[in-house]
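In what follows, a structure is listed as structure tokens, so that the remarks can point back to it.
Numbering of ligands and ligand atoms starts at 1, following listing order. Numbering of residues begins at 1 and proceeds along the displayed sequence. In what follows, every heavy atom counts, from backbone to side chain, and hydrogens, waters and symmetry copies are set aside.
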Amino acid sequence: MNIHNVKLTVSAVSEKQYPKTEMPEIAFVGRSNVGKSSLINKLLNRKSLARVSQTPGKTVTINFYNIDDTVHLVDLPGYGYAARSQSEIKKWGAMIENYLRDREQLIKTVLLVDSRHAPTKDDCTMIDWIRAYDDSGVIVVATKTDKLKKSQIEKNLELIWETLELCEDDVLVPFSTKDDEGKFTVWDIINMLLSADAKSLEE
Ligand code: GTP
Ligand code: MG
């Protein structure tokens with residue numbers, strides 16, 4: 001995809017602030033610190049459009065990035081960040097759940113997991129959530145593969161595949177911001193989703 005214009009439409013803390021556009025949305029979810037904001041920057045070749053930090057819990061709003069008035073890439077707050085208060089966890093949990101459940105423009109939710117570790121209980125809960133609202137196959141991105149030895153990557157991908165009980169309709173993409181691993185595959189997937197969506201609107 002040749003990108004010309006990228007802008008942050010809104011950092012939303014409530015439904016009222018979500019963009020009023022009809023543009024399709026693709027959301028990225030995953031544990032805090034897994035690399036959601038970094039992946040969006042990498043896809044867009046921007047260094048710091050989406051805020052990235054060493055400190056987990058950086059993204060606390062739902063951020064909608066408008067790509068050439070064609071699609072919104074949506075950066076969701078991460079889960080599993082222990083230092084948040086219970087009331088914050090509740091508030092954000094509800095915000096994320098409501099978005100994933102009710103948002104009509106949302107055409108796909110992409111789950112990010114850390115390629116170095118087995119998926120957590122929270123990751124398994126999240127994939128169940130995604131499957132509950134979309135039965136057309138899950139897209140999972142395994143981040144930070146540059147931190148693994150080549151020989152380890154394959155083993156860990158197998159572990160992720162098994163733990164998340166992925167099947168032939170699902171896709172697992174290794175990804176790193178340090179090189180171009182996964183970048184073109186994720187773009188191919190986004191473009192496929194967008195053309196399938198456009199087709200379904202024509203029918
Ligand atoms: P929250 O906003 O807290 O939910 O986190 P996030 O999922 O948006 O993670 P973020 O993109 O802020 O990245 C967290 C940390 O991981 C940062 O220090 C990034 O530089 C680092 N990181 C992300 N992706 C990669 C990667 O592919 N390789 C390496 N080595 N580091 C990465
Ligand atoms: Mg973030």
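Considering each of Ser38, Ser32, Pro77, the one bringing a non-hydrogen atom nearest atom 24 (N) of ligand 1 is Ser38.
With no hydrogens or angles considered, no side-chain donor-acceptor pair links Asp128 and Thr125 at under 3.5 Å.
Residues Val138 and Asp170 come closest through the heavy atom pair N-OD1, 2.8 Å.
Checking only distances, Lys147 never comes within under 3.5 Å of ligand 1, N or O to N or O. Between Asn33 and ligand 1, a contact under 3.5 Å exists for at least one N or O pair. Note: no N/O pair closer than 3.5 Å links Leu76 and ligand 1 by distance alone. Ligand 1 has no nitrogen or oxygen under 3.5 angstrom from a nitrogen or oxygen of Thr145.
With respect to Asp114 and Lys147, no salt bridge is recorded, no charged nitrogen being found less than 4.0 Å from a carboxylate O. With respect to the salt-bridge test (charged N to carboxylate O, under 4.0 angstrom), the residues Asp123 and Arg31 do not qualify.
Using a 4.0 Å cutoff on heavy atoms, Ser176 counts as a contact of ligand 1. Not a single heavy atom of Thr143 sits less than 4.0 Å from an atom of ligand 1. At least one heavy atom of Arg31 sits closer than 4.0 Å to an atom of ligand 1.
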Between Lys183 and Asn45, does the side chain to side chain donor-acceptor pair (under 3.5 Å) criterion hold? Intermediate values first, please. CA-CA 10 Å; Lys183 180 177 150 182; Asn45 297 321; 2.7 Å; yes
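For a distance bound of 2.8 Å, the N, O or S atoms of Ser38 include none lying that close to the Mg ion (ligand 2).
For the atom pair CZ of Phe64 and OH of Tyr99, the computed distance is 5.0 Å after rounding to the nearest 0.5 Å.
Although no hydrogens or angles enter the test, the distance criterion places no donor-acceptor pair under 3.5 Å between the side chain of Asp75 and the main chain of Asn63. When atom types are taken as modelled, the side chain of Gln152 and the backbone of Leu148 share no donor-acceptor pair closer than 3.5 angstrom.
Applying the 4.0 Å criterion to heavy atoms of Gly78 picks out, from ligand 1, the atoms 4 (O). Every atom of ligand 1 with a heavy atom of Thr177 under 4.0 Å away is listed here by number and element: 24 (N), 25 (C), 26 (C), 27 (O), 28 (N).
In Asp146, the part holding a heavy atom less than 4.0 Å from any atom of ligand 1 is the side chain.
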